[in-house]
Amino acid sequence: MKRATPSEREIQRRSQYLAGQRSLPIVGITAPSVEQPALEQGNIKTGTSGKHIGRVLVWNLPTLRTCPGASDWCAANCYNGDTSGEVVFNRPQWYANERHAREDPDALGRTILRQLADEAEGATPPIVAVRVHSSGDFFSEPYVFMWRDIAHAAPRHLFWAYTRSWAIPELLPSLDTLRQMPNFQLFASVDHTMSDPPAGWRLSRVKDPRSSESEQGAAQGESRPKVRQIACPEEYRDGIDCAKCRFCLLPRKGDVIFNVH
Ligand code: SF4
C-alpha cells in the first residue's frame, strides 16, 4: 500500500480537529482569506489529465460539517482531518466554496460551469472530469440539484462522487435524481459501522484493517446482488490515478474498495 493506516495517535488528533470543524459556525464567521469559489486542479490520487480526459478538477467543501451522513467512524478517521502535515489542504478555498454553496447555489452553479468551459478550452481532449468532494459531502437538496443541473448543462464532461448522505432520508430522493445523470457517477460510501445503502447504488467501501472480520462483514454488501468489485488500483500500483483508471468515472456496473489511510 502506498499510504499507511493512521496510528492511534493520529486518529486521536484527527478526532479533535474534526470535532472542532463540526462545531464551527455554519458560515460567515470564519472570515476566509479566499472569497471566490473555485474548483481545484486534480491531486495526486485523481491525476491531472489522461489519454481520454484533458483535465481533472476537484471540488471541495469543509470536512465533516458539510457531511450530514458521516458515521462516528468517519468523524474520527476522515483523511481530510489529517494532522501529519504530509498533505497540504487548501482549506480557505473550501470555506469560500461552502459559503457560496449555502448562500446561492444557482449562482455557484453558473460559476462552476464557466470554470469548466474555460478549463475545457485549454485541454486536449476538451473533456473535464470533476471529482466532487475529495472533502465534504452533499448537505442540502438545493445543493444536490445544483450538481444535477451542472451535469445536465455539461453533458460531455464527467463527474464522480462518493457520498454518505444517502443515509439521510430527506436527501435520498434528490441524490437518486443525481445518480440518474449519465455523466455523474455517484457511489454510496460505507464503512463497517454502516448498513448497506438502498438497492441500485454503486458502492464504495472503506476497509479498516483494525476492525474485526465480523465487523468488516457488516459492510460486505452481502445483502446486495453480486456485482464486479475492484480494489482501487491507485492505492497499490505506481503510475496509476483516476484519470488513467476511470473505473469510477464511467457508467459501468461495479463497486470499489478503499483502505483507510
Ligand atoms: S478505482 Fe480508479 S477511478 Fe476509482 S478512485 Fe481508484 S483509481 Fe480512481
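In this chain, residues are counted from 1 in sequence order. Remember, it's 1-based here, ligands and their atoms both numbered in the order they're listed.
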Legend entry - Within-shell test, W160 vs ligand 1, heavy atom, strictly < 4.0 Å: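 In this structure, W160 fails to qualify as a contact of ligand 1 - no heavy atom is under 4.0 Å.
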
Legend entry - ligand 1 contact by Y162, heavy-atom criterion under 4.0 angstrom: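 Flag set, Y162 near ligand 1.
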
Legend entry - Short N/O/S contact of C248 with atom 4 (Fe) of ligand 1 (below 2.8 Å):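 It does: C248 brings an N, O or S atom closer than 2.8 Å to atom 4 (Fe) of ligand 1.
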
Can you tell me which residue and heavy atom of the protein come closest to [atom], and the distance to 0.1 Å?
atom                    : value
atom 6 (Fe) of ligand 1 : C232 SG, 2.3 Å
atom 8 (Fe) of ligand 1 : C242 SG, 2.4 Å
atom 2 (Fe) of ligand 1 : C245 SG, 2.3 Å

Numbered atoms and elements of ligand 1 in range of [X], under 4.0 angstrom, heavy atoms:
X    : result
V256 : 1 (S)
E234 : 7 (S)
F258 : 5 (S)
F247 : 3 (S)

Legend entry - Donor-acceptor side-chain pairing of D176 and Q180 below 3.5 angstrom: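 Note: D176 and Q180 side chains miss the donor-acceptor criterion.
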
Inset, instruction - Would you tell me whether T63 and S135 have side-chain atoms, one donor and one acceptor, within less than 3.5 Å of each other? - result: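 Yes, S135 and T63 have a side-chain donor paired with an acceptor closer than 3.5 Å.
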
Legend entry - Point-to-point distance, once rounded to the nearest 0.5 Å, from CZ of R55 to OG1 of T124: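 Rounded to the nearest 0.5 Å, the CZ-OG1 separation comes to 8.5 Å.
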
Inspect the contact between [Y] and [X] and indicate whether a charged nitrogen and a carboxylate oxygen are less than 4.0 angstrom apart.
X    : Y    : answer
E98  : R65  : yes
R14  : D82  : yes
K207 : D191 : no

Inset, instruction - Evaluate the criterion side chain to side chain contact (heavy atoms under 4.5 Å, CB included) for residue pair C242 and L249; output intermediate values, then yes/no. - result: CA-CA 8 Å; C242 300; L249 284 60; 4.3 Å; yes

